[in-house]
A.B. asks: 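The structure under discussion is supplied below as structure tokens; questions concerning it will follow.
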Amino acid sequence: MSDPRILTVRPEPGEYAWTFGGAPPVARIKPGTVLDLYTEDCFAGRVRSEKDLVSEVCEFPFLNPQTGPFHIEGAEPGDTVAVHFVSVEPARDWAASTTVPLFGALTSTHTTATLQPPLPETVWIWQLDRTRRTALFRAHDSDIEIELPMDPMHGTVGVAPANLEVRSALVPDAHGGNMDTPEMRAGVTCYLGVNVEGALLSLGDGHARQGEGETCGVAVECAMNTVVIVELLKGLATPWPRIESDTHIISTGSARPLEDAFRISQLDLVQWLVRDYGFSELDAYQFATQAVESPLANVCDTNYTCVAKIRKEWLPARETHRGVHDRLRETAAAFRG
């Protein structure tokens with residue numbers, strides 16, 4: 001196996017993208033390139049203490065800075081970009097979470113308008129032990145301290161949308177974007193359908209960990225040092241972002257209301273079973289109904305995101321996405337070695 005091409009990118013503060021689409025590429029890369037990236041947290045590193053309120057130190061809509069975009073040579077509409085996450089590692093020994101007025105699943109919002117006042121704006125600073133792989137929660141209103149296991153992930157991965165659209169990095173949709181699913185961790189391959197020449201791949205919004213649903217709207221947000229391998233599958237369409245791990249195939253759907261996000265992810269999974277695993281549509285519908293796991297990704301963003309996943313061990317032994325996940329795992333192992 002030849003050595004992969006490696007591109008290291010450490011953006012300066014003014015070099016991040018805030019949208020998917022509409023931003024010029026920071027580099028052109030060939031399929032097979034390894035990207036060694038630094039990504040800033042969703043607050044652009046401005047929330048560093050419990051006194052740093054988002055409303056005072058951040059400027060909307062400049063949230064969720066993205067590293068990229070990267071123009072992938074040869075990528076055209078109708079193709080699929082495969083992004084294999086080799087490693088996702090916190091770049092600091094602390095992370096921040098917060099409540100944000102009129103944002104989150106258990107408060108009034110701009111679209112769920114009520115007379116009750118917004119929740120107070122509060123910041124929690126989580127201490128990360130990168131050796132022991134833990135994140136420490138300290139309560140504000142008691143002496144409770146609880147260590148949770150770190151489970152680093154990327155909330156935001158995507159390409160430029162179709163139809164000349166430019167979407168905020170806060171929005172998840174068919175192009176990917178701010179899906180906020182904990183499934184986007186080291187060891188998985190994310191498949192994204194190409195909508196424009198070059199695809200224009202970006203990622204950011206690192207989380208040291210996040211519960212399913214991201215209920216208050218903010219995870220344990222941290223800067224990341226992340227390594228990915230980027231491949232291109234020519235002539236293979238992927239209508240909604242998909243994820244493949246060693247154990248599961250995973251479809252995503254993003255929309256409002258929540259049941260539409262659920263429907264999109266379930267339908268995409270059924271269509272995946274038909275295309276790559278030999279099921280008829282009705283057989284896939286029945287099998288998925290009895291075998292699927294349906295965790296929530298987020299119920300707080302501009303669109304909600306649901307996930308539909310099935311264990312590979314329960315599926316026929318077939319190749320999916322041309323076997324690229326297994327090949328990229330081998331490349332990742334060689335890179336780490």
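Side chains are part of it too, since the values below use all heavy atoms of this structure and drop only hydrogens, waters and symmetry mates.
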A.B. asks: Taking only residues two or more places apart in sequence or in another chain, which ones pass side chain to side chain contact (heavy atoms under 4.5 Å, CB included) with V166?
C.D. replies: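 Residues passing side chain to side chain contact (heavy atoms under 4.5 Å, CB included) with V166: T19.
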A.B. asks: Listed by chain and number, what are the side chain to side chain contact (heavy atoms under 4.5 Å, CB included) partners of R10, not counting sequence neighbours?
C.D. replies: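 Expected list: T8, D36, Y38, N225.
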A.B. asks: E12: which residues meet the side-chain hydrogen bond (donor to acceptor under 3.5 Å, both in side chains) condition with it, sequence neighbours left out?
C.D. replies: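 E12: no side-chain hydrogen bond (donor to acceptor under 3.5 Å, both in side chains) contacts found.
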A.B. asks: Just jot down the side-chain hydrogen bond (donor to acceptor under 3.5 Å, both in side chains) partners of H175, sequence neighbours excluded, or say none.
C.D. replies: none
A.B. asks: Do R209 and M153 have side chains that get closer than 4.5 Å, going by heavy atoms?
C.D. replies: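 R209 does not reach M153 side chain to side chain.
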A.B. asks: Listed by chain and number, what are the side-chain hydrogen bond (donor to acceptor under 3.5 Å, both in side chains) partners of E293, not counting sequence neighbours?
C.D. replies: H248
A.B. asks: Between I29 and V230, is there a side-chain heavy-atom distance shorter than 4.5 Å?
C.D. replies: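 They are in side-chain contact.
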A.B. asks: Members other than F103 in its cluster, when Ile, Leu, Val, Met, Phe, Trp, Tyr link by side-chain heavy atoms under 4.5 Å?
C.D. replies: F43, V47, L53, V54, V57, W94, V100, V123, I125, V218
A.B. asks: Using side chain to side chain contact (heavy atoms under 4.5 Å, CB included) as the criterion, list what pairs up with P118, not counting sequence neighbours.
C.D. replies: P101, L102
A.B. asks: Taking side chain to side chain contact (heavy atoms under 4.5 Å, CB included) as the definition, give me every residue that meets it alongside A284, ordered by chain and number, with sequence neighbours left out.
C.D. replies: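 Checked A284 against side chain to side chain contact (heavy atoms under 4.5 Å, CB included); matches are V270, L273, V274, F279.
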A.B. asks: Which pairs pass ring pair (Phe, Tyr, Trp, His ring centres under 6.0 Å) with one or both residues in residues 300-330, sequence neighbours excluded?
C.D. replies: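 Applying ring pair (Phe, Tyr, Trp, His ring centres under 6.0 Å) to every pair that reaches into residues 300-330, excluding sequence neighbours, yields H84-H325, Y191-H321, W272-H321.
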A.B. asks: Considering only residues two or more places apart or on different chains, which pairs with a residue in residues 155-169 satisfy side chain to side chain donor-acceptor pair (under 3.5 Å)?
C.D. replies: N64-T156, T156-N178, T156-D205, E165-R167, R167-D173
A.B. asks: Scan for ring pair (Phe, Tyr, Trp, His ring centres under 6.0 Å) pairs involving residues 47-83, sequence neighbours excluded, and state none if there are none.
C.D. replies: W18-F62
A.B. asks: Show me the pairs that pass ring pair (Phe, Tyr, Trp, His ring centres under 6.0 Å) and involve residues 193-226, at least two apart or across chains.
C.D. replies: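 Not a single pair qualifies under ring pair (Phe, Tyr, Trp, His ring centres under 6.0 Å).
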